[in-house]
> 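The structure is given below, and queries will be raised subsequently.
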Number of protein chains: 2
Amino acid sequence: MASIKDVAKMAGVSVATVSRVLNDKGYVGQHSREKVEKAIKELNYKPNEIARSLFKKHSNTIGLIVPDIMNPYFPELARAVEDTASKLGYNVILCNSDENKEKEQAYLDVLKQNYVNGIIVSSNTLTAEQIEALNIPIVSIDREISKGLPTIVVENKKGAKAATHFLKSKGRKRIGHIRGTAGVVNAEERCGGYREAVAEEPWFTESYIVNGNYDMESSIDATRELLGRHPDIDGIFAANDMMAIGAIKAAYQLGKKVPEELAVIGFDGIVLSSVMIPELTTVAQPIYEMGELATTVLVNLMEQQPMEKTYYTLEVELIERRTT
Amino acid sequence: MASIKDVAKMAGVSVATVSRVLNDKGYVGQHSREKVEKAIKELNYKPNEIARSLFKKHSNTIGLIVPDIMNPYFPELARAVEDTASKLGYNVILCNSDENKEKEQAYLDVLKQNYVNGIIVSSNTLTAEQIEALNIPIVSIDREISKGLPTIVVENKKGAKAATHFLKSKGRKRIGHIRGTAGVVNAEERCGGYREAVAEEPWFTESYIVNGNYDMESSIDATRELLGRHPDIDGIFAANDMMAIGAIKAAYQLGKKVPEELAVIGFDGIVLSSVMIPELTTVAQPIYEMGELATTVLVNLMEQQPMEKTYYTLEVELIERRTT
DNA sequence: ATTGGATGTGTAACCGGTTACCCTTTTTCA
DNA sequence: TGAAAAAGGGTAACCGGTTACACATCCAAT
């Protein structure tokens, strides 16, 4: 591969001049510029980003840490981040943390050692101190780590409340809730929204809430338990779409018709929800938009642009489909 | 951040010695080693990977180029690649090419400029010349680019044939095929397998094959057309799962019951196929395993390990579920 | 005519590691 | 006992860029 020295030699100038035309910075005479440009073309010269990074102390790369890219929420997010980053001239390093504290810290270290400019992270094990210690711009997405940190989340509580009210408006009399993973902030919030919506109902007791794990399997079991406890339940609000699917599977297993005997509404609006049969009614997050926003906020942070706002709570949209 | 010089100063040795203990290479006395290790711990020193990369001419990173991470086939692949790479000490840069020639070439250039050690790519627009010109280890996955290049694919033809035979064994008399994207090698192969399986059938004509685009929407239209042409079709082999889902949707729209009136079998075995309702019968690729294998092959290539084989054609598994 | 700012360009230090090379000391063994 | 080999460790060049600084030239304003 040709280096800047080769270009300089061919153009008959110094490396400094080549660097100047490369970066369009400093004074360069018309004549020199042309010679350099010609040499660059002739040698098909591409500057070495690693050498650049060493000097600049950052590598035009951003780290994306997600729990698991196989979780259907994240591919869309990853795509949005990569699209936006790419457009702005950054690469994306993908990291799967499995919500594991050690893995996360290890990735943070590796990313820092690789001089990433910034990090987008979806995590609930990370602490504000850990992040501040890193001293790299970070934006948190889908999950709030701390009020002070740049964050992109959605109206979890509001959406959950709307979902539950929607079930009521459809004439459902007994509505159960399958909670998300214990300890995850958005699971608390969604559960809170559900609670607010049913608080006044005479039939409501805590036993209408069961714990799921944000995945399908846990939800199948949870739903069977819930339906066993309360056979009169005719509506379920699941804290995410995968659990809503689990609920539907459980209903089928128990011989209950969806939506006739049991209406189900999910949360997230993953692609799967519109693809499955029957199509799932859900409270959709603007996932792509969130990824986009997270990336632009992060890049602004990295480039030290002045910003009026770094904490965004986005609106959520209830999409009615076939399961309600 | 502490640098190697700080460590050297604190330990009272030269940077060369620090480097030697870091890399466990060359002679280092017990006494020096201990002093250096103590200094490293005390300063929480982590070597700067970028500086290392500059000298080594590679960055312990591999590029992963996929058409679109939102396509449900790829998250599992990406996960396998990242897991394996991470285990072996490499980072993964994620690139979405949208099957676009220019984007792909641009990414290849960027990756090269970033001194990636190797690249895993799923593409059918790339040519062998392009890849050889790059002069970086590459393994192709899911799609063959050239016989000579390291490649991980599956028995497309065999699987397709098995799928079609399976439909026959279930008593289906007229079996249609929804082809994958024109020009994609595996679409040709799967179509070839179908052809072989139905070649002897008296009813078979080319009109039992329709073109899809490996996505759900194209398949809905294609299926409606196919079923319009041949209302007697009672079995469909779709060249991938997303198209199989489209076929099922189309069947529902037309009032046909699946599987009673129309059996549907897909190909790929994406997570979605087991999650949807009804669960999809499919010819499953060992996606995770493919990603794993691709990564280990690539790493062996990068590390110049001797290898007996770099072209793998993996077995495929027919999983019977509810749609047949 | 003088001077000071703008323009143009090269030299060399620097980013933070690795390692070739050299020198000294210790060990091994004929 | 002496020479060769092994062990230990420092100096400085190098990877491929960027940029501070020095120096030269040119032009406009005084």
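Predicted model only: the values in this text are computed from it and were never measured. So you know, we letter chains A, B, ... as the sequences are listed, proteins then strands, and number each from 1. Atom set for the values below is all heavy atoms of this structure, side chains included, hydrogens, waters and symmetry mates excluded.
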> B/K57 has an atom NZ; how far is it from atom P of C/dT19, in whole Å?
13 Å
> If the condition is side chain to side chain contact (heavy atoms under 4.5 Å, CB included), which residues does A/L88 pass it with, not counting sequence neighbours?
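Residues passing side chain to side chain contact (heavy atoms under 4.5 Å, CB included) with A/L88: A/T84, A/Y90, A/V299.
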> Should A/E42 and A/K35 count as an ion pair when the cut-off is N to O under 4.0 Å?
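No, no charged N to carboxylate O under 4.0 Å.
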> Between A/E99 and A/R143, does any side-chain N to carboxylate O distance fall below 4.0 Å?
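Here A/E99 pairs with A/R143 in a salt bridge, since their nearest N and O are under 4.0 Å apart.
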> Please determine whether a side-chain nitrogen or oxygen atom of A/S32 lies at a distance below 4.0 Å from atom OP1 or OP2 of C/dT9.
yes
> Quick check against the 3.5 Å criterion: does A/T181 have a side-chain atom that pairs as donor or acceptor with the backbone of A/V184?
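Not a single qualifying donor-acceptor pair exists.
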> Which one, C/dG17, C/dT11, D/dG17, comes nearest to the side chain of A/S14?
C/dT11
> Does B/S53 reach a base, just sugar-phosphate, or nothing at all? Heavy atoms under 4.0 Å.
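Nothing, no heavy atom under 4.0 Å.
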> Over how many whole Å does the gap from B/N48 atom CG to D/dG16 atom P extend?
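That distance rounds to 17 Å.
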> Using the closest heavy atom to pick a nucleotide of DNA chain D for each, name whichever of B/G29 or B/Y115 lands nearer the 5' end.
B/G29
> Looking at D/dT18, D/dG10, D/dG8, which one has an atom nearest to any side-chain atom of B/V13?
D/dG10
> What does the B/S/- profile of nucleotides 19-24 of chain D look like, 5' to 3', with a 4.0 Å heavy-atom cutoff to protein?
BB----
> How about NZ on A/K5, more than 12 heavy atoms from neighbouring residues, nucleotides or ligands closer than 6.0 Å, or not?
no
> In this structure, how many angstroms lie between the C1' atom of D/dG10 and the CD1 atom of B/I4, rounded?
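Interatomic distance, CD1 of B/I4 to C1' of D/dG10: 13 Å.
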> May I ask you to evaluate whether B/R52 reaches the phosphate of C/dG16, defined as a side-chain N or O under 4.0 Å from OP1 or OP2?
no
> Can you tell me how far P of D/dA6 sits from CD of B/Q30, to the nearest Å?
21 Å
> Under a 4.0 Å threshold between the charged nitrogen and the carboxylate oxygen, would B/R79 count as salt-bridged to B/E82?
no
> Compare all side-chain heavy atoms of B/P67 with those of B/S122 and state whether any distance is below 4.5 angstrom.
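Yes. Closest side-chain heavy atoms under 4.5 Å.
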> When the distance from CG of A/L54 to P of D/dC14 is rounded to whole Å, what number comes out?
17 Å
> Just the rounded figure in Å: distance from P of D/dA12 to NZ of B/K5.
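My rounded result for the distance is 13 Å.
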> Round to a whole Å and report the spacing from CE of A/M1 to C1' of D/dG17.
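My rounded result for the distance is 12 Å.
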> Mind calculating the distance between OH (A/Y27) and P (D/dC26) to the nearest angstrom?
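Distance, rounded to whole Å: 17 Å.
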